[in-house]
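First listed ligand is number 1; within each ligand, the first listed atom is number 1. Position 1 is the first residue of the sequence, and the numbers go up from there. Computed from heavy atoms alone, side chains included, the values below leave out hydrogens, waters and symmetry copies.
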Amino acid sequence: MTDLFEHSRIIWRPTQPQFTPVESFRRIINHKRGLQLKDFHDLHRYSVEDYGFWEDLWDYCGVVYSVPHEKVITEGRFKEIPTWFPGARLNYAENILRHDGDAIAVTAARESGEVSDYSYRQLRHMVRDMAAAMRANGLQVGDRVAAVVTNHISALTIALATASVGASFSSTAPDMGTQGILDRYTQIKPKLFFAETEVFYAGKTTNLVGRVSEVTQKLCRMGMERAILLPSSKTGKDLAIPKDVKIPNGMTLSAFLATGDGRPLTFEQLPFSHPFYILFSSGTTGPPKCIIHSAGGVLLQGMKDSLLTYQHDRNDTHFQYTTTGWMMWNAMIVNLSSACRIICYDGSPFHPDLRTFLRFISDQRVTYFGTSPRWMAELRGQGIKPLEVASFDSLKNMFITGAVLTPPMFEWTQQAFGPDVHLISGSGGTDICAGFVSGAPSLPVHAGELQAKSLGMKVQVFDYEGNNIEDSGQPGELVCVRPHPSLPLGFWGDDSGEKLRAAYFEMFPGVWRQGDFVAKNPKTQGFIFLGRSDGVLNPSGVRMGSAEIYSVLEAFSTELEDSLCVGQRRPEDKDERVILFLKMRSGHKFTDELVEHIRKAIREARSPRHVPAFIFPVEDIPYTVNGKKIEIAVKQIVSGSTLKPSGTVANPESLKLYYKFRHLEDLDLVDGRGKLKEKAKL
Ligand SMILES: CC(=O)CC(=O)O
């Protein structure tokens with residue numbers, strides 16, 4: 001049997017763990033509560049046994065409020081989702097904008113090289129003007145504001161102004177197609193709609209006026225009162241709208257701002273569980289889940305990470321590479337509450353090239369850089385050595401999320417950016433707009449492992465009968481057995497909670513099932529992520545995660561650009577078989593020899609039962625717009641389903657490449673008895 005933790009080697013340790021904020025937080029709790037919590041693990045235990053922990057966190061983070069809470073938790077609208085801090089009155093934007101003055105709050109940068117800084121005072125003024133215009137246009141508590149925007153200063157200003165008024169906010173990136181935008185925003189029926197008109201991404205200029213026209217016509221019929229058109233993100237100028245293009249209730253951003261009456265910035269005082277962010281899950285088929293998050297929940301979880309996990313203060317620069325359509329954007333904003341500077345980046349991290357992007361990180365003296373395993377893999381694949389490109393002496397931590405960071409990539413990343421960088425791999429998601437498992441600055445990092453359960457998150461590993469098997473080291477379902485403040489308030493329009501229950505609480509009644517296939521290392525308490533549980537590979541009853549295969553393939557990064565591993569089980573099949581798809585790097589050929597090497601490597605590193613039944617070359621691998629590899633849709637396709645990709649698939653054409661693999665027999669590779677033909681043995 002394969003040892004899931006064979007790579008578990010310490011690659012980083014804190015030099016002075018006693019001086020980390022999380023340790024001082026532990027001491028504060030000991031003092032306040034008369035406890036004797038000795039280390040992070042004790043602190044975690046307390047955090048999931050006593051709801052008072054969230055009150056301790058509230059105090060430690062200095063949440064700004066006008067009315068105190070009556071208690072920490074009480075029954076909510078649904079049995080599974082309690083109400084937090086009943087009685088409290090506060091405002092999300094007031095907490096985010098609690099710092100003022102001339103220190104730089106935001107650096108807004110574009111792929112074109114344009115960089116602008118905004119102080120805390122300037123940001124506040126921009127939010128004030130935006131909020132004044134929103135109020136002048138009738139926006140009220142409970143209304144919705146939707147935006148199709150790049151990650152730039154306007155998006156941030158719109159979100160914070162919306163929060164100050166007490167409306168709800170939802171954003172998507174401009175690469176979302178018309179249908180994807182409509183799938184989202186026709187559900188929430190926004191009163192105000194903000195849209196980019198022209199964007200510059202990956203070296204290409206895209207005019208979005210046609211898309212905006214189609215979307216606004218539909219939204220207008222559903223009650224949208226204003227469509228606010230942002231100037232071109234390339235030229236900064238308003239785009240001339242052709243006479244025959246209809247944008248009902250449309251006006252430019254400057255015209256909209258001019259409707260404001262100069263009133264001062266005020267913050268509506270609202271309950272902790274007031275709905276603020278509306279996020280959409282990246283379903284690759286069917287309409288996306290429309291998840292409502294509370295202002296207070298996202299705020300408190302975000303403050304926890306900013307102060308205790310990333311250890312931010314006013315000297316830090318937080319650069320999370322993200323679009324506005326990923327929860328990491330929402331999670332980025334809260335870091336302003338720690339007085340640090342955030343970088344909003346509009347553009348592709350691959351353009352004009354990776355070295356330019358690396359130099360940008362270095363020149364900006366970034367202390368926290370957040371990215372995805374895919375970006376890292378590209379650096380490695382291109383043979384780039386970051387420390388030869390620039391100095392990263394200011395970098396304190398890197399946050400990698402969105403997909404599994406395999407053990408070899410942990411090792412590579414640590415080496416590539418230097419031994420002092422705290423490498424954090426975190427996992428949570430849109431569903432909770434926070435992390436379940438993440439970094440712990442007072443503990444060492446082991447290659448391949450997410451360091452620890454996040455504070456306050458009672459995570460366990462369940463087998464299929466609902467037994468907690470976390471201490472066995474066996475893989476199973478990641479579950480959370482106790483409520484936390486950023487549980488969604490519900491899905492939009494799902495008044496009975498039925499859809500919410502079906503999405504998270506069905507497999508284990510009353511217990512949140514995240515849909516990740518994981519294992520906890522009993523020795524280190526760290527977690528390895530093996531893939532999405534719907535995508536678990538299950539040939540002849542051996543359950544394994546695709547990450548077990550991907551990590552072996554890291555050794556082939558010279559030849560392979562990418563790979564995708566899925567199970568195939570068509571209605572006529574008795575058993576599941578594993579298919580591995582390989583996307584070759586240009587200049588490299590898919591050969592029998594390579595396939596043999598790969599098979600051997602998997603057999604030796606894992607077990608003979610892990611070796612895929614088939615290995616095929618493929619021209620493209622499907623990804624979501626948030627950079628997640630799409631395994632489940634491919635699994636369904638090769639197993640016989642026909643899918644209509646949603647607007648969440650970044651390269652929907654790629655899915656078509658997989659239909660032919662549902663009929664392997666027709667490919668002249670398999671004989672009548674389902675055996676591989678001799679000549680086709682790969
Ligand atoms: C923190 C995360 O979990 C981010 C993601 O994968 O969507």
Side-chain angles (χ1 to χ4, degrees), residues 151 171-173 277-284 288-289 291 293 297-298 300-306 308-310 318-335 349 368-377 397-406 409 423-440 449-457 459 477-480 484-488 503-504 512-518 527-535 545-547 550 623-632 648-650:
N151 180 10
S171 54
T172 79
Y277 282 128
I278 301 179
L279 303 185
F280 291 87
S281 75
S282 47
T284 42
K289 282 186 288 201
I291 306 171
H293 281 293
V298 175
L300 196 56
Q301 290 273 23
M303 284 175 150
K304 176 185 80 175
D305 284 334
S306 187
L308 300 180
T309 311
Y310 316 142
H318 178 102
F319 178 20
Q320 173 65 51
Y321 179 79
T322 178
T323 69
T324 61
W326 189 21
M327 54 71 65
M328 292 308 293
W329 183 78
N330 311 80
M332 166 193 83
I333 294 176
V334 79
N335 291 286
Y368 159 111
F369 176 55
T371 186
S372 62
R374 191 167 173 219
W375 187 81
M376 253 349 138
N397 39 41
M398 289 181 79
F399 187 77
I400 320 252
T401 189
V404 175
L405 188 70
T406 57
M409 281 308 292
L423 183 55
I424 307 171
S425 178
S427 188
T430 309
D431 325 78
I432 58 162
C433 202
F436 281 117
V437 188
S438 187
E449 293 178 15
L450 283 69
Q451 281 179 284
K453 299 175 188 177
S454 294
L455 290 175
M457 308 302 267
V459 169
E477 290 279 345
L478 184 146
V479 297
C480 188
H484 57 84
S486 70
L487 280 170
Y504 305 113
W512 177 282
R513 171 200 175 242
Q514 176 63 12
D516 285 320
F517 188 57
V518 303
F527 278 69
I528 55 169
F529 277 64
L530 299 161
R532 292 292 291 167
S533 37
D534 297 346
S546 52
Y550 299 142
Y623 274 88
T624 68
V625 287
N626 290 334
K628 290 176 197 270
K629 214 179 262 195
I630 300 176
E631 289 174 347
I632 295 163
T648 303
V649 186

* Asked: Between Tyr321 and Phe319, how do the two ring planes meet: parallel, tilted or perpendicular, split at 30° and 60°?
  -> perpendicular
* Aromatic rings His484 and Trp512: how do their planes relate, parallel, tilted or perpendicular, breaks at 30° and 60°? -> perpendicular
* Structure fact -> Closest heavy-atom approach to atom 5 (C) of ligand 1 among Gln514, Met327, Lys628 is made by Lys628
Could you tell me whether the side chain of [X] and the main chain of [Y] form a donor-acceptor pair under 3.5 Å?
X: Thr371; Y: Ile400; result: no
X: Asn397; Y: Tyr310; result: yes
X: Ser486; Y: Gly297; result: no
X: Asn335; Y: Met332; result: yes

* Structure fact -> The protein heavy atom nearest to atom 4 (C) of ligand 1 is Thr401 OG1, 3.3 Å
* To do: Do me a favour and list the nearest non-hydrogen protein atom to atom 3 (O) of ligand 1 with residue, atom name and distance?
  => Gly428 N, 2.7 Å
* Does Phe436 come within less than 4.0 Å of ligand 1, judged by its heavy atoms? -> no
* Asked: Mind checking whether Gly435 has a heavy atom under 4.0 Å from ligand 1?
  -> no
* What atoms of ligand 1 come closer than 4.0 angstrom to any heavy atom of Ser427? -> 3 (O)
* Asked: So is there a nitrogen or oxygen of Met328 less than 3.5 Å from a nitrogen or oxygen in ligand 1?
  -> no
